[in-house]
Amino acid sequence: MKRQIQNDIAAALARIAADSGSSATALPEITVERARDDQHGDYASNAALALARALRRKPREIAEAIIASLPSNPNLARVEVAGPGFINFFLTPAAHQALIPAILGVAENYGRSDLGAGRRTLVEFVSANPTGPLHIGHGRGAAYGATLSNLLAVAGHDVTREYYVNDAGRQMDILTLSIWLRYLELCGRGFVFPDGAYRGEYVRPVAAKLFAEVAHEFDLDPAACFAGLPAAADADANLDNMIGRARARLGAQRFERVWRLGLDDILGDIRDDLSQFGVHYDNWYSEHSLTQSGRVDACIARLEASGDLYRKDGALWFRSTAHGDEKDRVVVRENGQRTYFASDIAYHLGKFERGFERAIDVWGADHHGYIARVRAALAAQKLDPAAFEVLLVQFATLYRGSERVQMSTRSGEFVTLRELRNEVGNDAARFFYVTRRPEQHLDFDLELAKSHTSDNPVYYIQYAHARVCSLMRQLKEKGFVFDQPQALANLERLAEEQERTLLVSLGRYPEVIEDAARAREPHQVCFYLRDLAHAFHTCYNAHQILVADPSLRNARVALALGTRQVIANGLAVIGVSAPESM
RNA sequence: GCCCCGGUAGCUCAGGGGAUAGAGCGACGGCCUCCUAAGCCGUAGGUCCCAGGUUCGAAUCCUGGUCGGGGCACCA
């Protein structure tokens with residue numbers, strides 16, 4: 001409908017241009033929007049205001065001329081000039097009512113769009129290091145990434161959801177060391193657990209598992225690992241040293257065994273957690289496999305061949321400043337180890353080699369400094385940097401009422417996603433995470449998310465869905481049967497103001513999906529669903545649906561069923577369940 | 001110092017060139033002999049952080065401040 005009106009205006013402008021003999025000059029952008037106020041009809045355009053300057057005529061005059069030249073459109077009841085020169089379009093009641101067969105006809109496909117034109121799109125999100133359980137910050141990335149993926153899919157993109165598993169780096173070695181040390185504690189050895197190793201409680205069960213599997217086979221005095229390390233040196237260097245010694249002490253095979261156990265256990269926990277959260281991936285992409293396959297080396301060779309690398313201070317540097325970064329970056333460290341950035345280049349180049357036309361990464365806001373260098377790497381390989389899109393998600397802070405929930409990273413203890421889900425439930429967690437603009441810092445109030453009252457917007461929306469389901473049960477109990485043909489033949493009976501408002505809201509859904517997908521803003525769907533539920537509740541309170549008059553009753557039931565469908569479709573996008581009763 | 005994000009009602013936030021700035025919560029007042037009151041209706045509540053600028057028109061764009069969060073590794 002919106003598009004039809006845009007076309008109508010374009011046609012009118014073309015006709016005016018032809019009549020006046022002037023060639024179609026470059027026109028400013030003309031927008032057609034939903035009118036905010038009922039009095040302004042259904043849609044409004046600023047065309048006349050935007051053209052006033054170029055045509056050197058009064059806006060209202062231009063508006064009149066446009067209206068006079070509009071092609072006839074049976075969906076429009078009237079078109080009028082208002083305010084400083086807006087053109088307001090009023091749809092006929094029939095045009096609104098026609099939404100009902102449209103929705104019921106395509107059901108779960110209502111709202112689908114070809115906006116994305118089947119573009120192969122890779123959405124990478126969460127990608128937390130498999131060195132510990134997911135915390136509430138990851139939860140936001142998970143909810144946002146999953147919802148965005150759904151949204152893009154519904155809007156016609158060919159979406160692949162991917163988790164990049166950082167299972168190759170130093171962090172994994174630290175985890176391995178940490179597990180082994182906790183294991184040694186279980187073996188009864190006493191020592192001071194080093195700074196910088198993972199102190200979280202979650203390491204202990206992994207160590208216990210190791211003990212259960214190997215008994216005392218890995219039980220070696222760790223004193224040699226700690227001996228003679230300079231107390232003044234930074235903890236990182238000492239830790240690297242300890243890792244090296246532990247590896248030597250255990251031998252590559254046993255070290256690898258602990259490494260594998262830790263990875264399997266913790267990554268398994270992460271997969272489990274996300275899956276329970278309704279976050280599903282098409283692909284888990286291992287950094288380790290990327291390294292093993294030689295693709296990182298191949299990538300470095302390619303950058304070397306294109307002259308983008310140079311050697312300085314014993315390290316190999318990528319000249320990212322040549323492609324817009326603020327400083328050059330190391331890809332191979334002085335000690336010969338490749339940096340995380342090296343495999344990250346290979347991974348991101350690979351996304352396009354794998355045939356994706358667009359790569360979308362969801363990152364925490366603290367990674368923003370990383371964008372320029374990845375983009376530089378793509379540019380160096382003559383890939384379109386614009387095809388790589390990074391969406392930053394700001395931090396989340398937990399509150400219990402007005403009380404801030406403290407998270408201590410020092411002790412390694414933090415509120416995990418699993419704890420959050422257990423406390424507030426998956427539906428409320430998904431909704432709360434995604435209801436805020438991603439660039440807004442999120443204050444997550446546990447009390448509000450948990451409340452089973454009208455305070456909670458999740459229940460408010462779900463309740464509208466459950467109410468329609470309840471209505472259908474009532475219908476049956478009262479001995480009625482829904483007669484769809486009769487309903488569709490009597491839609492003109494939906495003449496109440498609240499019914500019109502509800503119909504307008506139903507008609508907005510496809511526009512909301514497209515706008516939200518275009519802007520990568522899932523929160524628009526949340527706000528829309530709140531509005532839709534409100535329109536329904538208002539209607540429900542104002543007018544009895546299961547009335548005696550069959551044609552009116554069937555028409556109203558059809559409206560309720562259409563509403564239920566759209567709520568279910570919208571909730572599916574944000575990953576929240578649509579209950580049949582509450 | 002440089003870079004990114006934010007500042008809108010008591011609180012949490014939408015709106016991001018266009019018509020009297022919106023919602024939820026909180027406050028106050030109404031509505032269940034009637035399809036779920038997890039609902040509906042109403043009232044009160046605003047220096048859209050500040051100062052300049054662009055524009056017919058600025059909460060919205062630009063510049064400079066200011067306050068808050070984050071980032072500036074041969075860590076990931």
Side-chain angles (χ1 to χ4, degrees), chain A residues 31 33 35-37 39-40 44 46 49-50 52-53 58-59 82-86 88 127-129 131 166 168-172 174 196 236 240 287 312-317 326-327 329-341 343-344 364-372 392-395 397 399 402 435-445 448 451-464 466-475 477-478 498 523-524 526-527 530-531 533-534 536-547 553 556-557 560 581-582:
Chain A
T31 60
E33 289 174 334
R36 283 196 208 150
D37 191 320
Q39 293 171 356
H40 301 142
N46 67 347
L49 290 163
R53 173 177 287 268
K58 290 176 184 162
F86 290 101
N88 291 336
S127 298
N129 283 337
T131 52
N166 294 122
R170 176 170 174 270
Q171 299 303 317
M172 277 305 296
I174 298 173
D236 270 350
D240 280 337
E287 182 190 3
K312 191 183 88 182
D313 304 331
L316 194 59
W317 295 70
E326 57 188 21
K327 55 180 288 191
R329 310 291 172 175
V330 170
V331 287
V332 180
R333 287 157 71 180
E334 198 176 357
N335 64 9
Q337 278 184 356
R338 286 158 305 199
T339 59
Y340 172 85
F341 180 49
S343 41
D344 217 38
D366 54 333
H367 285 63
H368 101 266
Y370 218 79
I371 299 171
L392 296 179
V393 178
Q394 295 292 322
F395 283 20
T397 314
Y399 283 82
S402 57
T435 200
R436 196 77 71 233
R437 265 163 70 219
E439 57 268 27
Q440 268 282 1
H441 184 99
L442 171 66
D443 289 330
F444 197 121
D445 185 347
L448 182 60
S451 71
H452 284 233
T453 66
S454 58
D455 306 1
N456 196 325
V458 192
Y459 297 113
Y460 183 85
I461 295 164
Q462 290 181 317
Y463 184 48
R467 259 189 163 170
V468 180
C469 295
S470 167
L471 215 45
M472 298 312 286
R473 291 190 291 268
Q474 281 291 319
L475 183 84
E477 273 175 36
K478 292 186 175 180
Q498 294 87 347
H523 73 276
Q524 289 189 27
C526 298
F527 283 90
R530 220 250 148 228
D531 282 350
H534 179 248
F536 175 73
H537 288 312
T538 297
C539 208
Y540 180 94
N541 271 276
H543 308 290
Q544 183 87 13
I545 291 171
L546 302 178
V547 293
R553 182 181 67 241
R556 285 184 173 166
V557 169
S581 66
M582 291 174 70

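To find a chain, count down the sequence lines: A is the first, B the second, and so on, and within it residues start at 1.
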Which is true for [X] with a 4.0 Å heavy-atom rule: it touches a base, it touches only sugar-phosphate, or it touches nothing?
{"X": "A:Ala82", "answer": "base"}
{"X": "A:Gln474", "answer": "sugar-phosphate"}
{"X": "A:Ala542", "answer": "nothing"}
{"X": "A:Ser470", "answer": "base"}
{"X": "A:Ala464", "answer": "nothing"}
{"X": "A:Asp37", "answer": "base"}
{"X": "A:His368", "answer": "base"}
{"X": "A:Asn335", "answer": "nothing"}
{"X": "A:Tyr370", "answer": "base"}
{"X": "A:Glu326", "answer": "sugar-phosphate"}
{"X": "A:Glu439", "answer": "sugar-phosphate"}
{"X": "A:Phe527", "answer": "sugar-phosphate"}

Whole-angstrom distance between B:G7 and B:C11, as gauged at atom P:
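The answer is 14 Å between these two P atoms.
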Quantified in whole Å, what is the P atom distance between nucleotide B:G10 and nucleotide B:G6?
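Going atom to atom, P in each nucleotide, I get 22 Å.
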Rounded to the nearest angstrom, tell me the gap between atom [atom1] in [X] and atom [atom2] in [N].
{"X": "A:Arg170", "N": "B:C74", "atom1": "CZ", "atom2": "C1'", "result": "11 Å"}
{"X": "A:His537", "N": "B:C31", "atom1": "NE2", "atom2": "C1'", "result": "16 Å"}
{"X": "A:His523", "N": "B:G16", "atom1": "NE2", "atom2": "C1'", "result": "11 Å"}
{"X": "A:Ile371", "N": "B:A76", "atom1": "CD1", "atom2": "C1'", "result": "16 Å"}
{"X": "A:Asp445", "N": "B:G26", "atom1": "CG", "atom2": "C1'", "result": "13 Å"}

Presence of [X] side-chain N/O under 4.0 Å of [N] phosphate oxygens OP1/OP2:
{"X": "A:Thr131", "N": "B:A76", "value": "no"}
{"X": "A:His534", "N": "B:C41", "value": "yes"}
{"X": "A:Tyr460", "N": "B:C40", "value": "yes"}
{"X": "A:Arg437", "N": "B:G15", "value": "yes"}
{"X": "A:Arg333", "N": "B:C75", "value": "yes"}
{"X": "A:Arg467", "N": "B:A37", "value": "yes"}
{"X": "A:Gln394", "N": "B:C4", "value": "no"}

Flag this pair as yes if the NZ/CZ of A:Arg467 is under 6.0 angstrom from the six-membered ring centre of A:Phe536 and inside a 45 degree cone about the axis; otherwise no.
no
With side-chain contact (heavy atoms from CB on, under 4.5 Å) as the criterion, how do A:Asp240 and A:Asn335 come out once you've worked through the C-alpha distance, each side chain's angles and the decisive distance to 0.1 Å?
CA-CA 11 Å; A:Asp240 280 337; A:Asn335 64 9; 5.9 Å; no
Please check if any side-chain donor atom of A:Ser343 sits under 3.5 Å from a side-chain acceptor atom of A:Glu287, or the reverse.
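A:Glu287 and A:Ser343 do have a side-chain donor-acceptor pair below 3.5 Å.
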Would you kindly compare A:Ser581 and A:Asn129 by the position of their nearest RNA chain B nucleotide and give the one closer to the 5′ end?
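Here A:Ser581 is the residue nearer the 5' end.
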If each of A:His441 and A:His367 is mapped to the nucleotide of RNA chain B with the nearest heavy atom, which maps nearer the 5' terminus, i.e. the 5' end?
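Residue closer to the 5' terminus by nearest nucleotide: A:His441.
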Rounded to the nearest 0.5 Å, what separates atom CD in A:Gln498 from atom NE2 in A:His537?
14.5 Å
Whether the side chain of A:Asn88 and the base of B:A19 hold a donor-acceptor pair under 3.5 Å is what I'd like checked.
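Check passes, donor-acceptor contact within cut-off.
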